[in-house]
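What follows is a single structure, written as structure tokens, with notes after it.
Note that the structure is predicted; figures quoted are calculated from it, not measured. Below, read A as the first sequence line, B as the second, and so on, with proteins coming before strands; counting in each chain starts at 1.
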Protein chains: 2
Amino acid sequence: MGRRPQLTSDRIVAAAAAVADRGGIAAVSMRSVGSELGVEAMSIYHHIPSKDALLDALAEWVFGQIELPEPSDPWREAMIRRADSARSVLAAHPWALGMMESRPAPGPALLQHHDRVLGCLLTAGFSPTLATHAFSTIDAYVYGFVLTESSLPFTPGEGAEAEFAAEVAPSMEDYPYLARSLADVLDGGTYAFANEFHSGLDLIMDALQRRFAEQ
Amino acid sequence: MGRRPQLTSDRIVAAAAAVADRGGIAAVSMRSVGSELGVEAMSIYHHIPSKDALLDALAEWVFGQIELPEPSDPWREAMIRRADSARSVLAAHPWALGMMESRPAPGPALLQHHDRVLGCLLTAGFSPTLATHAFSTIDAYVYGFVLTESSLPFTPGEGAEAEFAAEVAPSMEDYPYLARSLADVLDGGTYAFANEFHSGLDLIMDALQRRFAEQ
DNA sequence: ACCTGAACACCGTTCAAGT
DNA sequence: ACCTGAACACCGTTCAAGT
């Protein structure tokens, strides 16, 4: 009979991510991750000291997947590509954002992430102060956007927005401005919430470019 | 002997918030909330159908505390005031942001919030499309900023940033750009991460004002 | 060295019982 | 009508035991 591959912390973290992708972070328990690997819950403790450590590793696993810029990349394109990558990685594992608030210690993946983004901006000629402003603004925007997106009551794209608007229409009497915005914006059927991401990102990049030129 | 005040869903939600403020969202259990009120866990079920419903109510409770603009308020000041209020409310109850991702159904408080913000922008003359862009950009920025802020490994203000930088300095060899930014930005001792909030917010408001003028 | 299984103190929730 | 207490199926984690 075929031997099971060795249990390693990498395999455990990947299994935990699979469980979370399927059922949300609440579905991740030592027992469920164990059974994902065909192993008892207690076996995990030989590779990872606690559930808290497993969650920390899970957060690192997600942030480690975000594509990072090289110092020599043209800054504007690099920032947009990084933002797109961060958004798609976080949107694929939305439970990761919910974890951020409760685990304050930044791991190597997050520190590396900060370092590479700042590296690109500094190399492009941003002052350290402006680079810090730029990074914290872009990052806040990306995190917040994905957070908003993940808590939307519909799955973006595929015209689901219009469907949702129709569903909620009856209860919209109490929210006249919201109703008006939704109606107008959905009119024509070409709207997708997804487009909002680049709209806001461009707005921020334009403003940064202006500050950069003035500096 | 003094009778205890009637158990109501409002008192239950307030007790749950107190427990969360003290020990984080993980500390909120039917039993801990019950004991906060001097009551058995099961008593709660006579007023709130499930723990999930309690968490929904908790999210609503937080968002209901954010100060909302009047339609006639000057838009730029109103947006900044709203962003400041959202930030201080969310920073006071940081567990609320971590909850957002896992509870997709927006309650009345959140819908009202959206309605009032859009109302101010529309009344000021923003097109529904631009108002939607503006709102989603500002909101994403505020959420993301608080999320970043809450996961900082130090409590902002009080010069704690410098203290932290000194602590981490040894492990900074692997992150040269991050080290350089930190060093430069902390130099002089006047830096506080808190200032970053208005820096990024101003940047966004400037860009929005420009789009508004062009519209 | 690595994996297991019983045990303990928790958790959300059901249900029958008390006032 | 509202509150309780026992019970059930979970959970993280300890520890002694197996290979």
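Checking the phosphate oxygens (OP1, OP2) of D:dT4, a side-chain nitrogen or oxygen of B:Ser43 falls inside 4.0 Å. At D:dT14, none of the side-chain N or O atoms of A:Tyr45 fall inside 4.0 Å of OP1 or OP2 (strictly under the cut-off).
Ring geometry for A:Phe63 against A:His113 counts as perpendicular: the plane angle is over 60°, on a 0 to 90° scale with 30° as the lower cut. In this pair, A:Phe126 and A:Trp75 present their aromatic rings perpendicular. The plane angle is above 60°, beyond the 30 to 60° band. Below 30°, between 30° and 60°, or above 60°: for A:Trp95 and A:Trp61 the angle between ring planes is below 30°, a parallel geometry.
One interatomic measurement links the two molecules: CZ of B:Arg31 to P of D:dC10, which rounds to 15 Å at whole-angstrom precision. At whole-Å resolution of the value, CE in A:Met42 and P in D:dA17 are 16 Å apart. Distance A:Leu37 CG to C:dT4 C1': 15 Å, rounded to the nearest Å. Atoms CD1 (A:Ile44) and P (C:dT4) sit 10 Å apart, rounded to a whole Å. Separating the CD1 atom of B:Ile25 from the P atom of C:dC11 is a distance of 14 Å, rounded to the nearest angstrom. Atom-to-atom, CD of A:Glu40 to P of C:dA7 comes out at 15 Å; the value is rounded to the nearest Å.
Pairing for D:dC2 is with C:dG18, a Watson-Crick or G-U wobble pair whose two hydrogen-bonding atom distances lie under 3.5 Å. Using the Watson-Crick or G-U wobble rule with both distances under 3.5 Å, C:dA7 pairs with D:dT13.
Taking the side chain of A:Lys51 as heavy atoms from C-beta on, and the options D:dG12, D:dC2, C:dT13, the nearest nucleotide is D:dG12. Set against C:dT14, C:dT4, D:dC2, the side chain of B:His46 has D:dC2 as its closest nucleotide. Nearest nucleotide to the side chain of B:Ser29, out of C:dC11, C:dC15, D:dC3: C:dC11. With distances taken from any side-chain atom of A:Leu7 to the nucleotides D:dC2, D:dT14, C:dC3, the minimum falls on C:dC3.
Contacts of A:Met30 with the nucleic acid, taken as non-hydrogen atoms under 4.0 Å apart, involve only primed sugar atoms and P, OP1 or OP2.
Taking all atoms of both residues into account, the shortest heavy-atom contact from B:Gly200 to A:Thr137 is CA-OG1, 3.5 Å.
Salt bridge annotation for A:Glu60-A:Arg103: absent, with no cationic side-chain nitrogen under 4.0 angstrom from a carboxylate oxygen.
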